A.B. asks: 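Dumping the structure here so I can ask a few things about it.
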Amino acid sequence: SISGAIVSLVGIFLFASCLSSCPQKTFGLGFDSFTYHTVWYEKVFMEKLSILVALFLVAIAGIHVYWALGGLWPATDQAGLAAKVYGSAKTNRMPPPSAAYVVAGLLVLAALLALCATQFLPTLGLPLPLIRFGAYGVAVIFLLRGGLGYLLPRLNSEVPEFARLNALIYSPLCLAIGLMLLAALN
């Protein structure tokens with residue numbers, strides 16, 4: 001699918017950029033250059049991957065704020081938007097703006113957790129194990145949403161337009177975010 005191709009290309013880019021920018025030096029204190037190269041590569045790779053995850057999460061948060069402010073994309077009216085992004089046949093309206101703001105806030109918090117867990121940003125006095133635990137929780141939530149998007153009847157059959165977008169975009173994106181975050185944390 002398109003999402004899989006995007007994730008593959010991003011992975012290749014990150015691998016190549018980390019490898020090409022890795023310094024080649026030895027320490028003279030018993031460290032060999034291969035060990036230094038590997039450790040440095042892993043840290044830079046984890047940071048770049050966490051930045052990519054954070055960018056995805058902040059972009060999705062921005063879309064939720066846009067909806068909360070009354071934006072209609074990717075539809076032209078409230079009923080079409082509800083069908084495409086909410087997926088319930090029982091209503092033709094989106095949830096209240098406050099719900100979109102809460103989701104946007106949680107997505108930004110998840111982005112900050114991803115950046116702090118890889119020590120790209122400081123933890124502001126919070127213990128790193130607690131931040132990493134929260135980031136693992138975020139990864140699990142996205143993996144569950146992505147996997148259950150294919151399994152739960154409500155997420156794949158009630159509204160045909162939502163089912164199509166869920167199979168092509170929403171679930172693969174959730175799986176990609178969860179897997180990238182897990183890779184950044186390991």
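Note that the coordinates shown come from a computational prediction; the quantities given were computed from them, not determined experimentally.
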A.B. asks: Quick one: do Val58 and Leu107 satisfy side-chain contact (heavy atoms from CB on, under 4.5 Å)? Show the steps, please.
C.D. replies: CA-CA 7 Å; Val58 169; Leu107 289 166; over 6 Å; no
A.B. asks: Does the side chain of Leu185 reach to within under 4.5 Å of the side chain of Met46, using non-hydrogen atoms?
C.D. replies: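 No, too far: nothing below the 4.5 Å cut-off.
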A.B. asks: List the atom of Ala117, the atom of Ile131, and the distance in Å for their closest heavy-atom pair.
C.D. replies: N-CG2, 3.6 Å
A.B. asks: Just jot down the side chain to side chain donor-acceptor pair (under 3.5 Å) partners of Tyr136, sequence neighbours excluded, or say none.
C.D. replies: Asn186
A.B. asks: Where is the tightest heavy-atom contact between Phe120 and Ser50, given as atom of each residue plus distance?
C.D. replies: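 Smallest interatomic distance, heavy atoms only, reads CB-OG, 4.4 Å.
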A.B. asks: Set out, in order, the CA-CA distance, both residues' side-chain angles and the distance that settles side-chain contact (heavy atoms from CB on, under 4.5 Å) for Val108 and Leu57, then state yes or no.
C.D. replies: CA-CA 7 Å; Val108 170; Leu57 293 173; over 6 Å; no
A.B. asks: Identify the heavy atoms of Gly87 and Phe162 that sit nearest to each other, and give their distance.
C.D. replies: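 So the minimum-distance heavy-atom pair works out to CA-CG, 3.5 Å.
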A.B. asks: Provide the closest heavy-atom pair for Ala68 versus Pro97 in the form atom of the first, atom of the second, distance.
C.D. replies: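 So the two residues come closest at O-CB, 3.5 Å.
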A.B. asks: With no hydrogens and no angle check, is any side-chain donor or acceptor of Tyr150 less than 3.5 Å from a backbone partner on Ala167?
C.D. replies: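 Judged by distance alone, yes, a pair lies under 3.5 Å.
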A.B. asks: Looking at every heavy atom in both Gln119 and Glu47, which two are closest together, and how far apart are they?
C.D. replies: O-OE2, 4.2 Å
A.B. asks: May I have the list of side-chain donor-acceptor pairs in residues 172-182 shorter than 3.5 Å, sequence neighbours left out?
C.D. replies:
none

A.B. asks: Tell me, do Arg145 and Tyr170 make a side-chain contact under 4.5 Å, heavy atoms counted?
C.D. replies: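 Counting from C-beta outward, Arg145 and Tyr170 do come under 4.5 Å.
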A.B. asks: Looking only at non-hydrogen atoms, find the nearest pair between Val65 and Ala104 and report the distance.
C.D. replies: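 That closest heavy-atom pairing would be CG2-CB, 3.7 Å.
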A.B. asks: Table please: side-chain donor-acceptor pairs of residues 70-81 below 3.5 Å, with sequence neighbours left out.
C.D. replies:
{"from": "Asp77", "atom 1": "OD1", "to": "Gly80", "atom 2": "N", "distance (Å)": "2.8"}
{"from": "Gln78", "atom 1": "OE1", "to": "Met94", "atom 2": "N", "distance (Å)": "3.3"}

A.B. asks: Below 4.5 Å, heavy atoms only, C-beta onward: do Phe133 and Leu128 meet side chain to side chain?
C.D. replies: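 Side-chain contact under 4.5 Å: no.
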